[in-house]
J.: 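Supplied in structure tokens, the structure appears directly below.
One-based numbering along the sequence shown.
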Amino acid sequence: MTSLPTATEKKLGLVIDLDICVGCHACAVNCKEWNTSGHSAPLTDKNPYGGDPAGVWFNRIHTFEVREDDGAGRTVHFPKSCLHCEAAPCVTVCPTGASYKREEDGIVLVNADTCIGCKLCSWACPYGAREYDESAGVMKKCTLCIDKIYNETLRPESRVPACVSTCPAGARHFGDLGDPESEVSKLSAARGGYALMPEQDCKPVNRYLPPRPKKKDAADIGAANQLLPKDGDLDGAGFLARLVDRVLSR
């Protein structure tokens with residue numbers, strides 16, 4: 001069986017904002033595009049346009065209709081990929097050592113050369129984050145795009161996972177969650193970021209930011225009447241300037 005490092009130098013991971021994720025699947029598509037020619041390439045697809053498609057996707061988006069305490073409903077889009085757990089059970093059950101956790105950054109990877117496709121890791125993962133590639137006969141998973149985040153030919157701002165760089169809503173963030181002073185750690189702390197299914201005791205690195213309370217009243221969203229012109233103040237340029245100033249300063 002494979003051993004986990006007693007500690008890692010970094011805890012690279014994702015912070016995902018469920019409040020602004022729109023469920024567009026851009027993260028999943030760009031993940032597929034990058035990784036099908038990257039570290040774990042290729043990512044197989046079978047009958048992709050037929051009635052029974054099958055394939056390898058590292059990032060999947062689940063959509064739920066949630067009923068709130070007051071009876072109101074809301075739609076929540078929930079992206080899910082490998083959480084790069086500190087106590088990753090997918091690593092400790094691997095009989096060949098193919099599944100391992102890197103000491104330098106905490107990323108969990110699979111060595112395809114030694115993987116025998118026994119699927120023990122997929123049974124051990126409580127999050128369903130492992131993908132079996134039928135064509136290759138091996139397990140594959142999210143790598144946090146290690147061939148992108150460490151690519152020194154890219155600009156520093158581009159050295160983030162493909163899912164992060166492509167999110168149109170800015171719902172995904174990447175960084176070192178082991179550093180309390182990092183931007184992702186501060187964001188998680190400020191918004192009450194939580195670990196998925198903590199009762200499993202896997203200590204996932206990734207964090208989710210919960211949806212904010214739904215705004216229902218005019219006062220909650222910045223009362224509309226505050227943006228209306230006052231009596232005798234209907235000249236176009238002056239009112240428009242004040243309106244833009246108020247909106248941009250909120």
J.: If you look at every heavy atom in Leu196 and Pro204, which pair is closest and at what distance?
T.: O-CG, 3.7 Å

J.: With heavy-atom distances below 4.5 Å as the criterion, would you say the side chains of Pro161 and Arg172 are in contact?
T.: no

J.: Applying side chain to side chain contact (heavy atoms under 4.5 Å, CB included) to Cys90 and Val108, what does each step give before you reach the verdict?
T.: CA-CA 9 Å; Cys90 59; Val108 177; 4.1 Å; yes

J.: Could you tell me whether Lys119 sits above the aromatic face of Tyr132, with NZ or CZ closer than 6.0 angstrom to the six-membered ring centre and within 45 degrees of the axis?
T.: yes

J.: Any side-chain heavy atom of Met197 within less than 4.5 Å of one from Pro126?
T.: yes

J.: Between Thr92 (side chain) and Pro89 (backbone), is there a donor-acceptor pair under 3.5 Å?
T.: yes

J.: Go through the steps for Lys32 and Asp45 under the test side chain to side chain contact (heavy atoms under 4.5 Å, CB included), then give the verdict.
T.: CA-CA 10 Å; Lys32 178 86 165 183; Asp45 271 316; 3.1 Å; yes

J.: Provide the closest heavy-atom pair for Pro210 versus Asp19 in the form atom of the first, atom of the second, distance.
T.: O-CB, 4.1 Å

J.: Side chains of Arg191 and Val15, heavy atoms from C-beta outward: is any pair under 4.5 Å?
T.: no

J.: Would you give the length of the straight line joining atom NE2 of His62 to atom NZ of Lys80, rounded to the nearest 0.5 angstrom?
T.: 4.0 Å

J.: Using side chain to side chain donor-acceptor pair (under 3.5 Å) as the criterion, list what pairs up with His77, not counting sequence neighbours.
T.: Thr63

J.: In terms of hydrophobic clustering (I, L, V, M, F, W, Y; side-chain heavy atoms under 4.5 Å; direct or indirect links), are Leu18 and Val205 co-clustered?
T.: no

J.: Please report the closest heavy-atom contact between Arg130 and Ser99, naming both atoms and the distance.
T.: NH2-OG, 2.6 Å

J.: Just by distance, do the side chain of Lys101 and the backbone of His84 share a donor-acceptor pair under 3.5 Å?
T.: yes

J.: Test your reading of the model: is there a side-chain donor-acceptor pair from Arg60 to the backbone of Ala28, 3.5 Å cut-off?
T.: no

J.: Would a 4.5 Å heavy-atom cut-off, applied to side chains only, mark Val164 and His173 as touching?
T.: no

J.: In the structure I gave you, are the side-chain heavy atoms of Phe174 and Val184 within less than 4.5 Å of one another anywhere?
T.: no

J.: Treat each ILVMFWY residue as a node, draw an edge where side-chain heavy atoms are under 4.5 Å apart, and state whether Leu83 and Tyr194 are in one component.
T.: yes

J.: How many angstroms lie between atom CG of Leu120 and atom SG of Cys94, to the nearest 0.5 angstrom?
T.: 8.0 Å

J.: So do the side chains of Tyr127 and Cys202 get within less than 4.5 Å of each other, counting heavy atoms only?
T.: yes

J.: What's the spacing between Leu209 CG and Ile20 CD1 if we round to 0.5 Å?
T.: 8.5 Å

J.: Could you grab the distance from atom CZ of Arg74 to atom CZ of Arg67, nearest 0.5 Å is fine?
T.: 13.0 Å

J.: Which value, rounded to the nearest 0.5 Å, describes the distance between Cys167 atom SG and Leu14 atom CG?
T.: 11.0 Å

J.: Of all the heavy-atom pairs spanning Ala124 and Val93, show the shortest one and how long it is.
T.: CB-CG2, 3.8 Å

J.: Under a single-linkage definition using a 4.5 Å side-chain heavy-atom cutoff for Ile, Leu, Val, Met, Phe, Trp and Tyr, are Val29 and Val56 assigned to the same hydrophobic cluster?
T.: no

J.: Please check if the side chain of Ser165 supplies one atom and the backbone of Val160 the other of a donor-acceptor pair under 3.5 Å.
T.: no

J.: So, do Glu33 and Thr166 sit near enough that their side-chain heavy atoms are less than 4.5 Å apart?
T.: no

J.: Using only atom types and a distance under 3.5 Å, with no angle test, would you say the side chain of Asn30 pairs donor to acceptor with the backbone of Ala26?
T.: no

J.: Can you tell me how far apart SG (Cys145) and CG (Leu12) are? Round to the nearest 0.5 Å.
T.: 12.0 Å

J.: Could you go through the side chain to side chain contact (heavy atoms under 4.5 Å, CB included) check for Ile107 and Thr8 one step at a time?
T.: CA-CA 9 Å; Ile107 297 177; Thr8 59; over 6 Å; no

J.: What pairs of residues pass the side-chain hydrogen bond (donor to acceptor under 3.5 Å, both in side chains) test when at least one of them lies in residues 134-145, not counting sequence neighbours?
T.: Lys46-Glu134, Asp133-Lys140

J.: Are the side chains of Trp57 and Leu43 in contact, using a 4.5 Å heavy-atom criterion?
T.: no

J.: Is the shortest distance from a Lys or Arg side-chain nitrogen in Asp176 or Lys10 to a carboxylate oxygen in the other one below 4.0 Å?
T.: no

J.: Is Glu152 atom CD crowded by more than 12 heavy atoms from other residues, nucleotides or ligands, each under 6.0 Å away?
T.: no

J.: Under 30°, 30 to 60°, or over 60°: which ring-plane class applies to Phe78 and Tyr208, parallel, tilted or perpendicular?
T.: parallel

J.: Should Leu4 and Leu109 be regarded as members of a common hydrophobic cluster, given that ILVMFWY residues are connected when their side-chain heavy atoms come within less than 4.5 Å of each other, either directly or indirectly?
T.: no

J.: Assess whether side chain to side chain contact (heavy atoms under 4.5 Å, CB included) is satisfied between Val110 and Ser40, documenting all intermediate values.
T.: CA-CA 9 Å; Val110 177; Ser40 299; over 6 Å; no

J.: Taking all heavy atoms of Ala162 and all of Trp34, pick out the closest pair and write down the distance.
T.: CB-CB, 3.9 Å

J.: Taking all non-hydrogen atoms of both residues into account, name the closest pair between Asn59 and Cys27 and its distance.
T.: ND2-SG, 3.0 Å

